[in-house]
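Let me begin by handing over the structure; questions about it come next.
None of these values were measured; they are calculated from a predicted model. Lettering of chains follows the sequences in order, A, B, ..., and the numbering in each one begins at 1.
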Number of protein chains: 2
Amino acid sequence: MARAPTTFDSFNAIAEPRRRAIIESLIGKEMTVNQVVETMGWNQPMVSKHLGVLKQVGLVSERKQGRYRVYKVNAAQLKPIQEWVIQFEQYWMNSLDHLENYLNEIQSIEVKDE
Amino acid sequence: MARAPTTFDSFNAIAEPRRRAIIESLIGKEMTVNQVVETMGWNQPMVSKHLGVLKQVGLVSERKQGRYRVYKVNAAQLKPIQEWVIQFEQYWMNSLDHLENYLNEIQSIEVKDE
DNA sequence: TTGACATATTCCTTTATAGGAATATATTAT
DNA sequence: ATAATATATTCCTATAAAGGAATATGTCAA
């Protein structure tokens, strides 16, 4: 059996970094495909394809306006991911990992300051 | 170019439902491979393979104890995912979607109470 | 030492990419 | 009607995956 399609759910769709980048730049705005193309600096078919995947899982929705298609993010589709991850938060808070990260941060700040 | 390997990062690793299930049942505990096998009801090679992927991205770590291997979750590896998703929270809160969900919750509670 | 137990690895098959290049479709402007 | 613009789709290739079955590896017990 192959891996689940990227069009299957949000978990699979956002596994691809370019799709996360699209979501990041499209959040809170509405954008035409070409505006995404310009923002990202990728070729148009690539943008259309990734938008297509995001659309299939409902992470973006599209509205036709003349010859343009205006896309926007459906943030609600990210909620299940948030809910899945958040149940483990207590296990990374107050942990040795946390302490470790904290110490690393302190250290890197000190290094930066020198 | 093919999709990024599931061993590439946490985003890819948790795109697979079985791996999320393993994390869910392994969180906060330590378990032997066979204990995971029993818990999940899958065959042993399958469990070992998925644990292997999770290990490669650091989502679990493993400790040898005699002929057993004891696995545990490294929850800290989920933090980047949480941090990525949480930046969009404001866009699903206070939205019509939110209102809709709220109304649905109310309704299902009322139905339950009957 | 030899067998039993615990776990990992290999081989195979099917499926699904993601990107590039080329092309098709739809809509507006002249 | 025709050209130009905006976007989607198709075809191709290389890569990677997940599961099943079989087998290898490592460790303990008698």
- If only atom types and distance count, is the side chain of A/N43 paired as donor or acceptor with the main-chain N or O of A/M46 below 3.5 Å?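 Yes, A/N43 side chain to A/M46 backbone: donor-acceptor pair under 3.5 Å.
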- Please identify each residue that fulfils side chain to side chain contact (heavy atoms under 4.5 Å, CB included) with A/R67, with sequence neighbours left out.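 For A/R67, no residue satisfies side chain to side chain contact (heavy atoms under 4.5 Å, CB included) once neighbours in sequence are set aside.
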- side-chain hydrogen bond (donor to acceptor under 3.5 Å, both in side chains) partners for A/Q87, two or more places apart: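 A/Q87 satisfies side-chain hydrogen bond (donor to acceptor under 3.5 Å, both in side chains) with no other residue.
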- Which of residues 8-42 of chain B have a heavy atom under 4.0 Å from DNA chain D?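 Hits under 4.0 Å, by residue number: B/E16, B/R18, B/R19.
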- Can you tell me if the side-chain N/O atoms of B/N43 get under 4.0 Å from OP1 or OP2 in D/dG19?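 It does not, given that no N or O in the side chain of B/N43 lies less than 4.0 Å from OP1 or OP2 of D/dG19.
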- Query: Within this structure, what is the CE-to-C1' distance between B/M46 and D/dA17, rounded to whole angstrom?
  - Reply: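 Distance check: B/M46 CE to D/dA17 C1' gives 14 Å.
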- When you measure from the side chain of A/Q82 to the backbone N and O of A/K79, does any donor-acceptor pair fall under 3.5 Å?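 No; zero donor-acceptor contacts below 3.5 Å.
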- Item | B/S/- contact track for nucleotides 24-30 of chain D, protein heavy atom under 4.0 Å | ---BS--
- Item | Pairing residues for A/S48 by the side-chain hydrogen bond (donor to acceptor under 3.5 Å, both in side chains) criterion, not counting sequence neighbours |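 In terms of side-chain hydrogen bond (donor to acceptor under 3.5 Å, both in side chains), with neighbours along the sequence ignored, A/S48 is linked to A/Q44.
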- Kindly determine whether A/I14 and B/W84 satisfy side-chain contact (heavy atoms from CB on, under 4.5 Å), including the steps that lead there. CA-CA 10 Å; A/I14 68 161; B/W84 186 80; 4.0 Å; yes
N/O donor-acceptor pairs under 3.5 Å from side chains in residues 57-65 of chain B, not counting sequence neighbours:
{"unit_1": "B/E62", "atom_1": "OE1", "unit_2": "B/K55", "atom_2": "NZ", "d": "3.1"}
{"unit_1": "B/E62", "atom_1": "OE2", "unit_2": "B/R69", "atom_2": "NH1", "d": "2.8"}
{"unit_1": "B/R63", "atom_1": "NH1", "unit_2": "B/Q65", "atom_2": "OE1", "d": "3.1"}
{"unit_1": "B/R63", "atom_1": "NH2", "unit_2": "B/E30", "atom_2": "OE1", "d": "2.4"}
{"unit_1": "B/R63", "atom_1": "NH2", "unit_2": "B/E30", "atom_2": "OE2", "d": "3.4"}

- Task: Just report the end-to-end axis angle for the helix from C/dT1-D/dA30 to C/dT30-D/dA1, five pairs per end, to 10 degrees.
- Result: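 The end axes of the helix from C/dT1-D/dA30 to C/dT30-D/dA1 are about 10° apart, to the nearest 10°.
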- Task: Starting from the C-alpha separation in whole Å, work towards a yes-or-no answer on side-chain contact (heavy atoms from CB on, under 4.5 Å) for B/F11 and A/I81.
- Result: CA-CA 11 Å; B/F11 282 95; A/I81 296 172; over 6 Å; no
Listing, residues 1-8 of chain A side-chain donor-acceptor contacts under 3.5 Å, not counting sequence neighbours, or none:
{"unit_1": "A/R3", "atom_1": "NH2", "unit_2": "B/A4", "atom_2": "O", "d": "2.9"}

- Task: State whether the distance check finds a donor on one side and an acceptor on the other, under 3.5 Å, for side chain A/Q44 versus base D/dA8.
- Result: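 For A/Q44, whose side chain was compared with the base of D/dA8, there is a donor-acceptor pair (under 3.5 Å).
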- Task: Give, ordered by number, those residues of residues 47-62 of chain A having at least one heavy-atom distance below 4.0 Å to an atom of DNA chain C; if nothing qualifies, reply none.
- Result: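 A/K49, A/H50, in order of number.
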- Pairing residues for A/I27 by the side chain to side chain contact (heavy atoms under 4.5 Å, CB included) criterion, not counting sequence neighbours: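 With neighbours one apart ignored, the set is A/V73, A/A75, B/F88, B/Y91.
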- Message: Please tell me if B/Y71 has a side-chain N or O lying less than 4.0 Å from either OP1 or OP2 of C/dA6.
- Response: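 False: B/Y71 side-chain N/O out of range (4.0 Å or more) of C/dA6 OP1/OP2.
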- Query: Taking C-beta and beyond as the side chain, do A/T39 and A/M31 meet within less than 4.5 Å on heavy atoms?
  - Reply: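 Side chain of A/T39 against side chain of A/M31, heavy atoms only: contact under 4.5 Å found.
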- Is there a donor-acceptor pair under 3.5 Å between the side chain of A/R19 and the backbone N or O of A/A13?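 Checked: pair present.
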- Task: Mind running side-chain contact (heavy atoms from CB on, under 4.5 Å) on A/V37 and A/W42 for me, showing each step along the way?
- Result: CA-CA 6 Å; A/V37 168; A/W42 308 333; over 6 Å; no
- Message: By nearest atom, which of the nucleotides D/dA17, C/dT17, D/dA21 is closest to the B/P45 side chain?
- Response: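 Among D/dA17, C/dT17, D/dA21, the one nearest the side chain of B/P45 is D/dA21.
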- Item | Sidechain-backbone polar pair: A/D9 side chain, A/N12 backbone, donor-acceptor under 3.5 Å |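 Side chain of A/D9 to backbone of A/N12, a donor-acceptor pair under 3.5 Å: yes, one is there.
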Pairs: protein N or O with nucleotides 13-15 of chain D N or O, under 3.5 Å:
none

- Message: Taking salt bridge (charged side-chain N to carboxylate O under 4.0 Å, His left out) as the cut-off, I'd like each qualifying pair that reaches into residues 35-45 of chain B, sequence neighbours left out, listed once.
- Response: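 Of all non-adjacent pairs touching residues 35-45 of chain B, none passes salt bridge (charged side-chain N to carboxylate O under 4.0 Å, His left out).
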